[in-house]
Amino acid sequence: MHDTGPASTPAPADRGDTAADTGEAIEQRGEIGKHARRFGLPIATCLVMGNIIGGGIFRLPHDVASYGTISLVAFGVLTLGAIALALVFGRLAQRDPRTGGPYVYAREAFGDFAGFLAAWSYWITSWVSNAALAVGAVGYLNLLIDLDGHWWTMCLAALLIQWLPGLANLAGTRYVGAVQLVATVLKFAPLLLVAVGGLFFFDADNLGPFQTDPDASPVGAVSAAAALLLFSYLGVESAAVSAGEVRDPRRNVGRATILGVLGAAFVYLLGTLAVFGTVPHERLVDSEAPFSDAVNAMFGGTWGGSLVAVAAVVSILGALNGWTLLSAQAPFAAAKDGLFPTVFLKKQRGVPTAGVVITVILASLLTIYNYASGGGKGDAEVFTLLVTVTTFMATVPYLLATAAQIYYLLSGQGERVNRSRLVRDSVISAIACAFSLWLVGGAGYAAVYQGVVFLFIGVVVYAVMSGRKKRAESAQQG
């Protein structure tokens with residue numbers, strides 16, 4: 001391991017993976033009380049599932065229908081990659097169950113700079129994605145409540161959708177967990193209705209061709225479909241990032257991550273297959289609401305659109321609830337090590353409140369810019385590029401975390417590697433690393449270009465924070 005001082009061999013008070021990560025120690029600090037609760041396995045699993053499955057699932061069957069049913073193969077490949085990444089996070093959390101997830105793993109393995117890049121990129125990903133989720137929810141909300149098409153009414157609706165989960169987070173982890181559980185149940189009820197109920201109305205004639213372009217190679221078709229689906233599993237790290245708020249994290253983080261990924265994969269695959277089998281292929285290619293069309297085909301009438309709109313809004317609110325918490329956790333962990341401003345250290349009721357407020361404010365400003373600059377509809381091209389950039393940014397902590405696991409496996413550190421599982425862990429880490437690199441490629445050239453600019457801005461921020469940290473340490477020594 002590098003000679004990185006505290007990053008490599010932190011003192012017990014800095015590590016936080018002994019007494020600092022036990023429920024007793026947190027209770028002594030006054031962080032567990034009426035409004036703060038540590039997440040058990042069910043809530044942690046809901047956090048992972050809720051963050052992976054946002055509003056995008058309601059368009060996924062339409063997005064991949066143009067490639068044929070071969071897109072289901074792409075789903076399967078991506079699921080294997082996501083499971084491998086989940087296993088890596090579970091193994092890393094067993095070694096170091098502190099809040100921060102990828103930040104903690106990267107800093108412990110490679111030092112302050114790698115840890116900062118993980119926290120910085122994850123933070124940018126979270127608050128820009130929150131703005132995108134809110135704007136997406138407004139589209140579904142407009143089907144239920146006529147917002148008159150005025151940009152300011154739609155903007156206000158988007159801001160309200162952002163601040164409701166923010167207020168739930170400020171109320172404490174007890175309410176974050178409750179909202180996440182309720183949102184997950186309400187979200188999955190209509191999705192499972194289509195996924196399971198659709199099998200009883202399944203008609204193989206609706207599936208269409210296995211591959212719509214006969215001239216394309218099967219590998220090329222799978223890759224093309226995967227490019228649209230690659231981002232469906234972002235959020236797999238959710239339990240690891242909030243490990244400090246999870247009860248018995250060494251055991252439950254890995255379990256919650258695996259269960260959450262498997263649950264999301266079940267809904268994705270079965271739901272897409274059910275829509276493929278209930279909506280004729282030629283209609284599905286042009287459908288803007290495939291789950292609505294599936295419900296209408298199954299039960300008749302036109303009430304499917306309203307049902308799916310409600311489910312989509314609930315789904316996005318649940319995702320925002322979880323992502324708002326995660327957006328404050330990585331900066332909180334970095335601030336404890338002097339790599340983020342100390343304002344991110346403010347924590348009440350088990351939640352980094354300052355980080356939540358700052359994140360929601362930044363997402364709100366971006367939302368206002370999106371609507372105001374687009375004359376009512378938002379600058380779709382700019383906003384889409386920003387969202388794609390954040391997806392690229394999310395791959396940075398993924399790669400750093402899997403690289404940390406590979407580093408431990410190859411460096412011969414016996415205390416960090418279970419030798420009986422060496423071969424299995426090595427294969428899983430290689431698959432997870434390939435999956436992360438595939439995510440980078442799927443983001444596209446423009447997103448990678450813009451994402452690198454964000455990373456370079458982070459380098460300047462790191463220089464400032466690292467310089468201040470060094471000066472403070474020198475002053476203490478003097």
Side-chain angles (χ1 to χ4, degrees), residues 4-21 25-26 28-33 35-36 96 98-108 110-128 130 166 169-173 176 241-245 323-365 397 454-455 457-478:
T4 53
S8 297
T9 56
D14 181 53
R15 281 188 57 85
D17 57 348
T18 53
D21 270 317
I26 293 179
Q28 290 173 4
R29 295 196 302 267
E31 293 178 6
I32 285 186
H35 302 291
D96 200 335
R98 287 178 288 170
T99 292
Y103 160 74
V104 172
Y105 313 144
R107 181 174 181 263
E108 183 69 12
F110 307 120
D112 283 354
F113 185 55
F116 173 83
L117 286 181
W120 173 261
S121 56
Y122 194 80
W123 182 58
I124 292 177
T125 297
S126 60
W127 62 263
V128 179
N130 283 358
N169 273 264
L170 293 176
T173 52
V176 174
V241 174
S242 296
E245 280 62 58
W323 276 108
T324 299
L325 175 63
L326 296 185
S327 66
Q329 298 286 27
F332 172 78
K336 288 197 301 182
D337 299 321
L339 300 180
F340 257 59
T342 55
V343 66
F344 286 97
L345 286 174
K346 186 177 181 180
K347 193 172 186 179
Q348 294 179 348
R349 304 183 181 93
V351 174
T353 51
V356 168
V357 172
I358 292 172
T359 293
V360 177
I361 289 175
L362 288 173
S364 299
L365 292 175
F454 274 106
L455 286 177
I457 294 174
V459 171
V460 177
V461 175
Y462 173 78
V464 174
M465 296 305 304
S466 182
R468 289 181 176 178
K469 179 182 178 182
K470 184 67 174 179
R471 183 174 63 184
E473 291 175 350
S474 299
Q476 289 178 353
Q477 293 175 358

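Nothing fancy with the numbering, it's 1 onward along the sequence. Hydrogens, waters and symmetry mates are skipped; everything else that's a heavy atom, side chains included, is used.
With contacts defined as side-chain heavy-atom distances shorter than 4.5 Å, the pair L345/K336 qualifies. At a threshold of 4.5 Å between non-hydrogen side-chain atoms, the residues D112 and Y462 count as touching. At a threshold of 4.5 Å between non-hydrogen side-chain atoms, the residues F116 and Y103 do not count as touching.
Not one N or O on the side chain of W127 forms a donor-acceptor pair closer than 3.5 Å with the backbone of I358. Side-chain N or O atoms of T359 include none that pairs as donor or acceptor with a backbone N or O of V356 at under 3.5 Å. Side chain of S466 to main chain of A463: no donor-acceptor pair is present (N/O by atom type, distance under 3.5 Å, no hydrogens or angles).
Of all the heavy atoms in A328 and G355, the pair that sits closest is CB-C, 3.7 Å. For P352 against F344, the heavy-atom pair with the smallest separation is CB-O, 4.3 Å. Across every non-hydrogen atom of A335 and P341, the tightest pair is CB-O, 3.5 Å. The shortest non-hydrogen separation linking F113 to V459 is CZ-CG2, 4.0 Å. Nearest heavy atom pair, residue T324 against residue N130, reads OG1-ND2, 3.8 Å. Here the closest heavy-atom approach between residue Y105 and residue D96 is recorded as CE2-O, 3.5 Å.
K469 has no carboxylate O lying under 4.0 Å from a charged side-chain N of D337, or vice versa, which leaves the two without a salt bridge.
Note that CZ of F332 is 13.5 Å distant from NZ of K346, once rounded to the nearest 0.5 Å. One distance of note links CH2 of W120 with CE of M465; it measures 11.0 Å at 0.5 Å rounding. Separating the CD1 atom in I124 from the CG atom in L362 is a distance of 10.0 Å, to the nearest 0.5 Å.
Aromatic ring pairs are classed by plane angle as parallel below 30°, tilted from 30° to 60° and perpendicular above 60°; the pair F340 and W123 is perpendicular.
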